[in-house]
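Worksheet: one structure, shown below.
These values consider heavy atoms only, across backbone and side chains, with no hydrogens, waters or symmetry-generated copies. Please read all numbers here as calculations on a predicted model, not as lab measurements. Just so you know, residue 1 is the first one in the sequence shown, and it goes up from there. In listed order, ligands and their atoms are each counted from 1.
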Amino acid sequence: MNRNQWLGFGAAAFGAGFIAILALRRSHRSGQPQERPETLAVKTREEENDKLIHSLVVLTAGTAYLTMASGRGRHHASDGHEVFWVRYVDWIITTPLLLTGLGLTALGTPFRRWGLLLSLLFTDAYMILTGYLADEEPRDSPMKWTWYGISSGAMAGVYYMLWGPLLEEARKTGPEAEDLYRRNLTFLSAVWAGYPVNWLVGPEGLNLIDEDTSTGIYTGLDITAKILFGLYSLSNTQEKSARELTAGRVPEHELRPSPAAHVERWDRGSPTEGDAEGGRARGRNRRA
Ligand code: RET
């Protein structure tokens with residue numbers, strides 16, 4: 001297939017993926033404990049988050065593919081090569097959304113380590129921006145490799161935060177959250193690693209593979225990182241929610257539609273009640 005056929009295929013796949021993600025329901029799952037009609041009528045907060053995040057990701061990517069397939073979303077850099085800038089716009093929107101979903105799986109609530117979550121999203125956006133700057137450089141310029149190195153360093157930072165402090169937080173959230181986080185993280189880490197490799201061997205980098213092949217690989221990676229990952233992550237969350245709802249372990253304020261409003265507070269404890277660590281531990285327990 002040539003480049004334009006791949007792009008058209010991508011646009012169609014994202015259209016279908018968008019519908020598939022919106023249509024995925026807990027009730028259709030077989031081999032799960034039988035749910036009562038009351039629990040089938042509601043969603044958990046996590047299910048709602050996952051469905052919204054993954055449908056926005058797929059919608060964004062589908063728009064980028066349609067733009068590219070219709071011959072737009074690209075321009076000529078200073079040495080005349082084509083830059084598909086819309087890819088970077090797509091990635092700078094979708095990758096932070098994907099990491100927010102993963103981060104929420106680990107933390108349960110963003111308030112626990114919001115600085116960490118923000119740093120993760122910033123480092124990720126920085127990785128995409130510097131990758132774009134690498135693509136803008138003339139193909140024989142040493143600055144291309146400088147930006148590529150900086151972007152790869154940022155990617156290492158993203159992996160460090162995901163496999164270090166966030167995995168630790170998932171452990172504290174509970175065994176089910178840790179299991180879900182580990183599975184989603186493994187999937188995501190494996191697929192994301194393909195992007196800098198495709199860039200490196202493609203026309204942007206060492207030019208070992210041609211434009212058509214490279215576009216085909218990006219299409220496959222994008223479908224896997226967004227549609228397949230979205231369906232995988234959402235169905236994992238739905239299974240976890242089904243177990244929790246059947247066991248009556250979901251508090252009212254976590255249900256959607258929510259019967260009661262709930263304000264999350266960060267309780268550090270008063271100075272007379274002990275040290276800062278004590279306050280933090282109490283905050284954690286109250287949430288769990
Ligand atoms: C670039 C080239 C410069 C070096 C690095 C890169 C990494 C890109 C990544 C993109 C991920 C995109 C995803 C999109 C789908 O939602 C910019 C290719 C490190 C990791 C997951």
Review point. Testing Asp50, Thr237, Asn236, Asp179 for side chain to side chain donor-acceptor pair (under 3.5 Å) with Asn184, which one passes?
Key: Asn236
[atom]: nearest protein contact (heavy atom, Å):
{"atom": "atom 9 (C) of ligand 1", "answer": "Tyr195 CB, 3.5 Å"}
{"atom": "atom 3 (C) of ligand 1", "answer": "Ser151 OG, 3.4 Å"}
{"atom": "atom 18 (C) of ligand 1", "answer": "Trp199 CD1, 3.6 Å"}
{"atom": "atom 20 (C) of ligand 1", "answer": "Met127 CE, 3.5 Å"}
{"atom": "atom 7 (C) of ligand 1", "answer": "Pro196 CD, 4.0 Å"}

Review point. At what distance, to the nearest 0.5 angstrom, does CG of Leu166 lie from CG of Leu117?
Key: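 Atom-to-atom, Leu166:CG and Leu117:CG are 7.0 Å apart.
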Which of the ligand 1 atoms, numbered from 1, are nearer than 4.0 Å to a heavy atom of [X]:
{"X": "Tyr148", "value": "3 (C), 4 (C)"}
{"X": "Lys226", "value": "14 (C), 15 (C), 16 (O)"}
{"X": "Trp192", "value": "20 (C), 21 (C)"}
{"X": "Thr94", "value": "15 (C), 16 (O)"}
{"X": "Gly131", "value": "3 (C), 17 (C)"}
{"X": "Met155", "value": "19 (C), 20 (C)"}

**Study point:** Option among Tyr65, Phe84, Tyr88, Trp91 that satisfies the ring-ring contact (aromatic ring centres under 6.0 Å, His included) test with Tyr218
**Key:** Trp91
Practice item. Examine the proximity of ligand 1 to Leu98 and report which part, side chain or backbone, both or neither, has a heavy atom under 4.0 Å away. Key: side chain
Review point. Going by the angle between their ring planes, with limits at 30° and 60°, are Phe187 and Tyr232 parallel, tilted or perpendicular?
Key: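 Rings of Phe187 and Tyr232: tilted, as their planes differ by 30° to 60°.
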Review point. Once the angle between the rings of Tyr126 and Phe122 is folded into 0 to 90°, is it parallel (under 30°), tilted (30 to 60°) or perpendicular (over 60°)?
Key: parallel
Exercise for review: Would you tell me whether Asp135 and Tyr148 have side-chain atoms, one donor and one acceptor, within less than 3.5 Å of each other?
Suggested key: no
Review point. Going by distance alone, is a donor N or O of one side chain under 3.5 Å from an acceptor N or O of the other, for Trp163 and Ser189?
Key: yes
Point to revise | Minimum non-hydrogen distance to atom 14 (C) of ligand 1, winning option of Phe229, Trp147, Trp91 | key: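 The residue whose heavy atom sits nearest atom 14 (C) of ligand 1 is Trp91.
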**Study point:** Per atom 12 (C) of ligand 1, closest listed option by heavy atom (Leu188, Asp135, Thr95)
**Key:**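 It is Thr95 that holds the nearest heavy atom.
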Less than 3.5 Å apart, which donor and acceptor atoms pair up between the side chains of residues 203-211 and the rest of the protein, not counting sequence neighbours?
{"from": "Asp210", "atom 1": "OD1", "to": "Asp212", "atom 2": "N", "distance (Å)": "3.3"}
{"from": "Asp210", "atom 1": "OD1", "to": "Thr213", "atom 2": "N", "distance (Å)": "2.8"}
{"from": "Asp210", "atom 1": "OD1", "to": "Thr213", "atom 2": "OG1", "distance (Å)": "2.6"}

Point to revise | Contact check, side chains of Tyr132 and Ile128, non-hydrogen atoms, under 4.5 Å | key: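 Sidechains of Ile128 and Tyr132: no contact.
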